[in-house]
Number of protein chains: 4
Amino acid sequence: MDRKQAIIESATRLFAEKGFYSTSTIEVAETAGVAHGTLFYHYKNKEGIVLEIFRHAKKVYLQELEISVANRPTGMEKIESMLRFNAAFKRTHSRQLLIFLRDFPEKLTSEESELKTMVKETNAQVLAIISRCLTEGIEDGSVAPVDTDKTAYIINGLIFGLLHMDLLSPVQVPELEANVIAFCRAALSPAVPEQYASSQ
Amino acid sequence: MDRKQAIIESATRLFAEKGFYSTSTIEVAETAGVAHGTLFYHYKNKEGIVLEIFRHAKKVYLQELEISVANRPTGMEKIESMLRFNAAFKRTHSRQLLIFLRDFPEKLTSEESELKTMVKETNAQVLAIISRCLTEGIEDGSVAPVDTDKTAYIINGLIFGLLHMDLLSPVQVPELEANVIAFCRAALSPAVPEQYASSQ
Amino acid sequence: MDRKQAIIESATRLFAEKGFYSTSTIEVAETAGVAHGTLFYHYKNKEGIVLEIFRHAKKVYLQELEISVANRPTGMEKIESMLRFNAAFKRTHSRQLLIFLRDFPEKLTSEESELKTMVKETNAQVLAIISRCLTEGIEDGSVAPVDTDKTAYIINGLIFGLLHMDLLSPVQVPELEANVIAFCRAALSPAVPEQYASSQ
Amino acid sequence: MDRKQAIIESATRLFAEKGFYSTSTIEVAETAGVAHGTLFYHYKNKEGIVLEIFRHAKKVYLQELEISVANRPTGMEKIESMLRFNAAFKRTHSRQLLIFLRDFPEKLTSEESELKTMVKETNAQVLAIISRCLTEGIEDGSVAPVDTDKTAYIINGLIFGLLHMDLLSPVQVPELEANVIAFCRAALSPAVPEQYASSQ
DNA sequence: GATGAATGAGGTTTCATTCAT
DNA sequence: CATGAATGAAACCTCATTCAT
């Protein structure tokens, strides 16, 4: 039995259920079936455990995000695919996302932690991907000529905000995937519908 | 000087700068120039202090939000005005928003606290306002015939996500106000531009 | 009952008996009859407790050392009086001295602690006092013309070394007070005894 | 490379630099380039490592100390030679002495350890050597008729105290070798200078 | 209304040592 | 001979809250 992996699994579950700060390292050890000290043999810190969780999630997220936008004919379809992927990722990795959204904002403004660096990197890559899709969309005519960088921030904000509402808000959020896609499609489509464009 | 008010002011500043959980009640008392015990004479507990901060911010936010959408001719313009108001509120109440965004996600999924109730109420009201604006917009022709409830969630998510990025994300976010308005306007505008609509 | 004082008294006893590092803060609290947390209300640290012990001992030591050398007619008699005072202080403050000699060498080479500063100051003052006595002794003819600064180091080293042996060495040290005085007197006396000096 | 020796060398360096208690066994192993478990294969425990260091230093010290006093014509010259040797040993074995002076006082008052026995033995031998030199000096007329045992304690205390100041004190200690010799010579010389003694 | 001394539960981390391989 | 994963005891310290004055 791999103790290192058992620790990660217990931690992911407990942190998601009870919160990082409300879960004691003793609980993690007990749930994983290892001695308390074993945690600190394998990971430097309590934070080290959660970093391992995030490192893995980040890697999977970025890899699959890249795949989701590849092999789509137009920029608009790439954006759409990306939105779909995000909705799917929320379903498969809700625990990791929940831990991150709920428990780490605090770290992000204060200390210069490894977490902060990871978030910064992930953010930058995601923004770059969105921006690239928009640029392609503008070139292939599927997207209106918007400021690609700023629009990337907006789409990223939209994804993040909906994720946050879904996982953390005390209000019940309905299924929005189709509507979000329609919303973005409408926002990004060239202003003049094609059937009219030809008549100009 | 009013001790009760001094406590709130110190707390707002310290919680915003250092985080709610990283600020001890003793620090709040010292900064406010009152004895430690005085905090608990005026407020039930540490959370009571932050609740007072939020209660006030909530009241101001909802009042001014209502005002911002009143007296606008069309639904679309109400939405626009609301977006503008949010950007302005972010500037005037960044500390309160920061405390809320950074430090309270934890409470929102776990306990059935007064905070949770407050957030639920505020959320519901904001969603209702947006939804109402959209309905009016559809009626007056300034907004495309969308599902008003779901679109309200989307717009709310967008606002929240951008707010979050701006205040908490380690990446530097550019000024997006005008772009956000353009984005939403494009997303919500009736598909057929007016000049063509008339020719149908 | 003064809890702050009770803590100091228990700590002095326990640290002397068992050593600073082998005494837990819980033990100190229990012995003093206060809650564990009370230690940290009154003192910043475990180290803070021992610093308080030293601060007091330092003050008493330097004050009484000054008194012991005042009002002695010659420099040689001042030195003698100082040696006597040191022997007496060893008897009245053996616990404080023991704690210091046994448990703090470690701190003195590494960190830039308050303890280090205190030791440095005390050392400098003691050296200055000895040096001053020697200078006076040379002027009044009771002390041979030695290098006062270096000799002050030597006498200080002698005092310290004997103290250390007495309190810490596993060998049993006999009563040496009179012999030490004779030794120093011989070392410092002008080379030519007075009865012969006149015949020159 | 000899693992056992590598461990001793790393330990000597680390213990001297960082202190025995602040150096973990894992650090010693890493620095020595051996596995953690290897330490406990070769030495019973952490203390066993330092005992090995001291055993060697003790042996060298006593051997060379004996040599330093042999073949000197008078008792006084033996004492002088011994003082010189101590100053030299301080230079060649500062690390071992530092570890001993700084980190082991604690052990010396409490447990009945092998270390305590070693110190006791060393101490007794050194005192015996000094005492013997003094006796010889008294017999050959180079030393005043002092109580040899007690004076041996005093000289030992002086050597130890100066060593301690030099290696551990936060104050900068000047070069004192010549002065210490002069001090002891003056203290031990027969009171009546020879030119007068003959005239009696 | 205001104080501040006192509490005590709770949490993270360190580390020498063991032992199966 | 040598390893290194695993242990678990022990320690320090923080802090919101209480309550007698």
Side-chain angles (χ1 to χ4, degrees), chain A residues 1-4 6-7 20-30 32-49, chain B residues 2-4 6-7 20-30 32-50, chain C residues 1-4 6-7 20-30 32-49, chain D residues 2-4 6-7 20-30 32-50:
Chain A
M1 183 219 347
D2 188 355
R3 283 174 168 83
K4 216 175 158 182
I7 291 167
F20 177 80
Y21 297 108
S22 306
T23 303
S24 72
T25 51
I26 289 186
E27 263 178 298
V28 174
E30 279 171 358
V34 303
H36 192 200
T38 307
L39 259 56
F40 299 90
Y41 176 71
H42 288 293
Y43 302 97
K44 193 184 152 215
N45 266 347
K46 189 181 179 186
E47 194 174 324
I49 298 174
Chain B
D2 187 357
R3 281 176 169 83
K4 227 179 146 176
I7 291 167
F20 178 79
Y21 297 106
S22 305
T23 303
S24 69
T25 49
I26 237 174
E27 261 178 300
V28 175
E30 279 171 359
V34 303
H36 194 196
T38 307
L39 260 54
F40 298 89
Y41 176 75
H42 287 292
Y43 301 96
K44 192 183 152 210
N45 49 28
K46 194 182 178 186
E47 196 174 322
I49 299 173
V50 91
Chain C
M1 183 216 350
D2 188 355
R3 282 173 169 83
K4 215 174 158 182
I7 290 168
F20 177 80
Y21 296 107
S22 305
T23 303
S24 72
T25 51
I26 288 186
E27 262 179 299
V28 174
E30 279 171 359
V34 304
H36 191 202
T38 306
L39 260 57
F40 300 91
Y41 175 71
H42 288 293
Y43 301 97
K44 192 183 153 215
N45 265 348
K46 190 181 179 187
E47 194 173 324
I49 298 174
Chain D
D2 187 357
R3 280 178 169 81
K4 227 180 146 176
I7 290 167
F20 178 79
Y21 297 106
S22 305
T23 303
S24 69
T25 50
I26 237 174
E27 260 179 301
V28 175
E30 278 170 0
V34 303
H36 194 196
T38 307
L39 258 56
F40 298 88
Y41 176 75
H42 288 293
Y43 300 97
K44 192 184 152 210
N45 50 28
K46 194 183 180 186
E47 196 174 323
I49 299 173
V50 90

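Side chains included, hydrogens not; waters and symmetry mates left out as well; all remaining heavy atoms used. Just so you know, these numbers come straight off a predicted model, no measurement behind them.
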### Query
Choosing from dT3(F), dT13(E), dG8(F), which nucleotide comes nearest the side chain of Thr25(A)?
dT13(E)

### Task
Take atom CG of Leu39(B) and atom C1' of dT18(F), then tell me their distance rounded to the nearest Å.
14 Å

#### Entry: Protein-nucleotide distance (Glu30(A), atom CD; dG8(F), atom P), rounded to Å
12 Å

### Query
Residues two or more places apart in sequence or in another chain: which of them pass side chain to side chain contact (heavy atoms under 4.5 Å, CB included) with Glu30(C)?
Ile26(C)

### Message
As an exercise, state the distance from NZ of Lys4(B) to CG of Asp2(B), rounded to the nearest 0.5 Å.
### Response
8.0 Å

### d(CD, Glu27(C); P, dA9(F)) in whole Å
18 Å

### Summary
CZ of Phe40(C) to OG1 of Thr38(C), rounded to nearest 0.5 Å, is 10.5 Å

#### Entry: Non-neighbouring partners of Tyr43(D) that pass ring-ring contact (aromatic ring centres under 6.0 Å, His included), sequence neighbours left out
none

### Message
Counting the atoms with a prime plus P, OP1 and OP2 as sugar-phosphate, which does Thr23(C) contact under 4.0 Å by heavy atoms, base, sugar-phosphate, or nothing?
### Response
sugar-phosphate

## Note on the structure
Output row for DNA chain E, stems defined as at least 3 consecutive Watson-Crick or G-U pairs under 3.5 Å, is E:2-21 with F:2-21

### Query
What closest approach, in Å, do Ala32(B) and Ala6(B) show between heavy atoms, and which atom pair accounts for it?
CB-O, 3.7 Å

### Task
Rounded off to whole Å, could you give me the CD1-to-P distance for the Ile26(D) and dT7(F) pair?
15 Å

### Query
Can you check whether Asn45(C) has a side-chain N or O nearer than 4.0 Å to OP1 or OP2 of dC12(F)?
no

### Message
Distance check needed: dT14(F) C1' versus Lys46(C) NZ, whole Å only.
### Response
17 Å

### Query
What nucleic acid atoms does Ser24(A) come within less than 4.0 Å of, heavy atoms only: base, sugar-phosphate, or nothing?
sugar-phosphate

### Message
Can you tell me if His42(A) touches the phosphate of dA6(F), counting only side-chain N or O atoms and a distance under 4.0 Å to OP1 or OP2?
### Response
yes

### Task
By nearest nucleotide on DNA chain F, pick out whichever of Gly33(D) and Lys44(B) is the more 5' one.
Gly33(D)

Just the table, please: protein N/O against nucleotides 19-21 of chain F N/O, every pair under 3.5 Å.
none

### Atom-pair distance (CG on Asp2(D); C1' on dC1(F)), nearest Å
12 Å

### Task
Drop me the distance from Leu39(C)'s CG to Lys46(C)'s NZ, to the nearest 0.5 angstrom.
10.0 Å

### Task
Would you mind reading off the distance between Lys4(D) atom NZ and dT3(F) atom C1', rounded to a whole angstrom?
18 Å

### Task
Tell me, please, which residues at least two apart from Ser22(D) pass side chain to side chain contact (heavy atoms under 4.5 Å, CB included).
Glu106(C)

### Query
Once you round to the nearest 0.5 Å, how far does OG1 of Thr25(D) lie from CG of Asn45(D)?
10.5 Å

### Query
For the side chain of Tyr41(D), counting heavy atoms from C-beta on, which of dC1(F), dT7(E), dA5(E) is nearest?
dC1(F)

### Query
Excluding sequence neighbours, so at least two apart, what forms ring-ring contact (aromatic ring centres under 6.0 Å, His included) with His42(B)?
none

### Task
Can you check whether any acceptor in the base of dC12(F) is under 3.5 Å from a donor in the side chain of His36(C), or vice versa?
no

### Query
Can you name the nearest heavy-atom pair linking Thr23(C) to Val28(C), along with the distance?
CG2-CG2, 3.8 Å

### Task
Find the distance Glu47(D):CD to dC15(E):C1' and express it as a whole number of Å.
16 Å

### Query
When you measure from the side chain of Arg3(A), which nucleotide among dA6(F), dT17(F), dA6(E) comes out closest?
dA6(F)

